[in-house]
*Asks:* 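Got a structure here, written out as structure tokens. Questions coming.
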There are 2 protein chains.
Amino acid sequence: MSNKNVFLEKYFLMTRSEENYLKTIFHLGGGDSKSITTNAIAEQMETKPSSVTDMAKKLSEKGLVDYVRYQGVSLTDAGVKTALSIIRKHRLWEVFLVKKLDFTWDEVHEVAEQLEHIKSEKLIDKIDELLEFPKHDPHGDPIPTKDGKFQERDEKLLSEMPINSQGVCVGVKDSSVPFLKFLDKNKIALGNTIKVLDKEDFDNSLRIQMDGKEMRISHQIAANLYVKKND
Amino acid sequence: MSNKNVFLEKYFLMTRSEENYLKTIFHLGGGDSKSITTNAIAEQMETKPSSVTDMAKKLSEKGLVDYVRYQGVSLTDAGVKTALSIIRKHRLWEVFLVKKLDFTWDEVHEVAEQLEHIKSEKLIDKIDELLEFPKHDPHGDPIPTKDGKFQERDEKLLSEMPINSQGVCVGVKDSSVPFLKFLDKNKIALGNTIKVLDKEDFDNSLRIQMDGKEMRISHQIAANLYVKKND
DNA sequence: AATTAAATTTAGACAAAGCTAAAAATAGAT
DNA sequence: ATCTATTTTTAGCTTTGTCTAAATTTAATT
Ligand SMILES: [Mn+2]
Ligand SMILES: [Mn+2]
Ligand SMILES: [Mn+2]
Ligand SMILES: [Mn+2]
């Protein structure tokens, strides 16, 4: 039984599964010392609550989560740091795929799910440099810095914008393939300017002007588009 | 128990470990229906012969190797095809790391060992395109084509070149980190022209002229450098 | 406060990939 | 042809990550 690199093994050598759990817990809000239930994690990861319990114990053992039986888990500082480094890699790879290899924004997530687990600090730093240190991924999500800083954005959902207000489309909340393809088909893209012309009380649909062209979109669409309001 | 995609599971979903075994068997010559022993594979992969036996059965079950108990394994056509696709990915990623991210040739292998297992045909095709379809990796090894064609080279080891013959350094046989760093230190690089001036009978060392400069190199070095002879 | 429903954990099993130690087969040497 | 050394396989165990079914705890309702 090799005993070399105990430090490395315990603190740095994360399995793919462990990394995915940390990422999921972070996305469910477990980074703000909020307790996330095993059920919520299981549902998000399409696994079983009993599996989550097992992993909660293991991650707790490693000091990456605080776990209280029957209460759920939250990330420790070390856990947040690790989660952010995975998310950083995921989003940088997504930018790379779009900018350098002409992937469409609905194709990148699946591949990034694999690439995010490649272990090489130099690799991801060089990718970052090649891309000239992008601030957002193809879906408008912010890319954490190397030292784990997260830039929050002052953006609103289009569905929450008042009538006659105007802004720029900067992100999607739902980044599923069908939604992204729908946006493509309707020429809705990040960077477009959007003005809210009217709201329909009956179904909450919106009449908007997008890059000059007038169109009507459902509440479901508006509730999944982030807009940065013009001051 | 999900039973969907039986075809995919059985014929395409290879684990990382399975892929590494196929690659190793190919490198040991198992692509020419030559039988490779479990011991040889175990030694190459730094694992135990009993583990190799287990994997031999599994790969045989999947139709990727022919396995005869106590006789060893050789790759089937499907096995060769799969091995070549991994090798292709490995070498393309190595070129990418050197050409696009300024990695040195002694840094790329370890990262490529991870990247070669990323599952996305589009990804590797786009990388190939971005690199303008390179024919060789940073160590001079040929890159198989998408349809599994392997370009053999008419190259010789420097140690086998006759006195006064001349050529271009096109590859390394040993691509270990220490050897590559040694070559860097001594300004020996692929593309350099080499002329054999003299051989020392006593220790088989060579006196050579490399890009004009005269130098002496040991047999061990000469036996690990591939040279393409000028006609 | 007692009962019931829901969430969570435990116990036990499984598959993948590895290991060690013992058994079996092969190959080499008399 | 027999014996011996080496190679290879088998049997059984381990770890990681998953599952199901049963037990337990918590939360909700009367
Ligand atoms: Mn994504
Ligand atoms: Mn992932
Ligand atoms: Mn390599
Ligand atoms: Mn590999």
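Keep in mind that this is a model prediction, so the values were computed, not measured. Numbered from 1 within each chain, the chains take letters A, B, ... in sequence-line order.
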*Asks:* Return no unless some side-chain N or O of A:K57 is found under 4.0 Å from OP1 or OP2 of C:dT10.
*Replies:* yes
*Asks:* Take atom CE of A:M45 and atom C1' of D:dC19, then tell me their distance rounded to the nearest Å.
*Replies:* 15 Å
*Asks:* Without decimals, in angstroms, what is the distance between B:I36 CD1 and D:dT8 C1'?
*Replies:*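 Answer to the nearest Å: 16 Å.
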*Asks:* Between B:L75, B:V73, B:L84, which is the residue that forms a side chain to side chain contact (heavy atoms under 4.5 Å, CB included) with B:L22?
*Replies:*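 The residue from B:L75, B:V73, B:L84 that satisfies side chain to side chain contact (heavy atoms under 4.5 Å, CB included) with B:L22 turns out to be B:L75.
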*Asks:* Not counting sequence neighbours, which residues clear side-chain contact (heavy atoms from CB on, under 4.5 Å) with A:E129? List them please.
*Replies:*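 For A:E129 the side-chain contact (heavy atoms from CB on, under 4.5 Å) partners, ignoring immediate neighbours, are A:K126, A:F133.
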*Asks:* Going by the rule salt bridge (Lys or Arg N to Asp or Glu O under 4.0 Å), which residues pair with A:E121 if we only count those two or more places apart in sequence or in a different chain?
*Replies:*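 A:E121 satisfies salt bridge (Lys or Arg N to Asp or Glu O under 4.0 Å) with A:K146 only.
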*Asks:* Side chains of B:Q44 and B:H27: any donor to acceptor distance under 3.5 Å?
*Replies:*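 No, B:Q44 and B:H27 have no side-chain donor paired with an acceptor closer than 3.5 Å.
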*Asks:* Could you check whether any side-chain N or O of A:T38 sits under 3.5 Å from a backbone N or O of A:T53, counting only pairs where one atom can act as donor and the other as acceptor?
*Replies:*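 No, A:T38 side chain to A:T53 backbone: no donor-acceptor pair under 3.5 Å.
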*Asks:* To the nearest Å, how far apart are A:K62 NZ and D:dT16 C1'?
*Replies:*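 Taking atom C1' of D:dT16 as the reference, NZ of A:K62 is at 11 Å.
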*Asks:* Once you round it to whole Å, what is the distance between P of C:dA25 and CD of B:Q71?
*Replies:* 13 Å
*Asks:* Whole angstrom is fine here: how far is it from CD in A:E61 over to P in D:dT15?
*Replies:*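 Atom CD in A:E61 sits about 14 Å away from atom P in D:dT15.
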*Asks:* Do A:K57 and A:Y67 meet the cation-pi criteria used here (NZ or CZ under 6.0 Å from the six-membered ring centre, within 45° of the axis)?
*Replies:*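 No, a cation-pi geometry is absent between A:K57 and A:Y67.
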*Asks:* Listed by chain and number, what are the salt bridge (Lys or Arg N to Asp or Glu O under 4.0 Å) partners of A:K156, not counting sequence neighbours?
*Replies:*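 With sequence neighbours excluded, A:K156 shows a salt bridge (Lys or Arg N to Asp or Glu O under 4.0 Å) to no residue whatsoever.
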*Asks:* B:S17 has a side chain; which of C:dT20, D:dT16, C:dG18 sits nearest to it?
*Replies:* C:dG18
*Asks:* Using the ring-ring contact (aromatic ring centres under 6.0 Å, His included) criterion, which residues pair with B:H90? Sequence neighbours excluded.
*Replies:*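 Here the qualifying residues are B:H109.
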*Asks:* Atom pairs, N/O to N/O, protein against nucleotides 4-7 of chain D, distance under 3.5 Å?
*Replies:*
none

*Asks:* Using OP1 and OP2 only, check whether a side-chain N or O of A:Y21 sits under 4.0 Å from D:dT16.
*Replies:* no
*Asks:* Between B:E200 and B:H219, is any side-chain donor less than 3.5 angstrom from a side-chain acceptor?
*Replies:* no
*Asks:* Could you write out each protein N or O paired with an N or O of nucleotides 11-13 of chain D at a distance under 3.5 Å?
*Replies:*
none

*Asks:* Starting at atom NZ of A:K48, determine the distance to atom P of D:dA22, rounded to an integer number of angstrom.
*Replies:* 16 Å
*Asks:* Is any side-chain N or O of A:R69 closer than 4.0 Å to OP1 or OP2 of D:dT26?
*Replies:*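 So the side-chain polar atoms of A:R69 never come under 4.0 Å of the phosphate oxygens OP1 or OP2 of D:dT26.
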*Asks:* What is the distance, rounded to the nearest whole Å, between atom CG of B:L13 and atom P of C:dA15?
*Replies:*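 Computing the B:L13:CG to C:dA15:P distance gives 18 Å.
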*Asks:* Taking the side chain of B:S51 as its heavy atoms from C-beta onward, which of D:dC19, D:dT26, C:dC19 lies nearest to it?
*Replies:*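 Among D:dC19, D:dT26, C:dC19, the one nearest the side chain of B:S51 is C:dC19.
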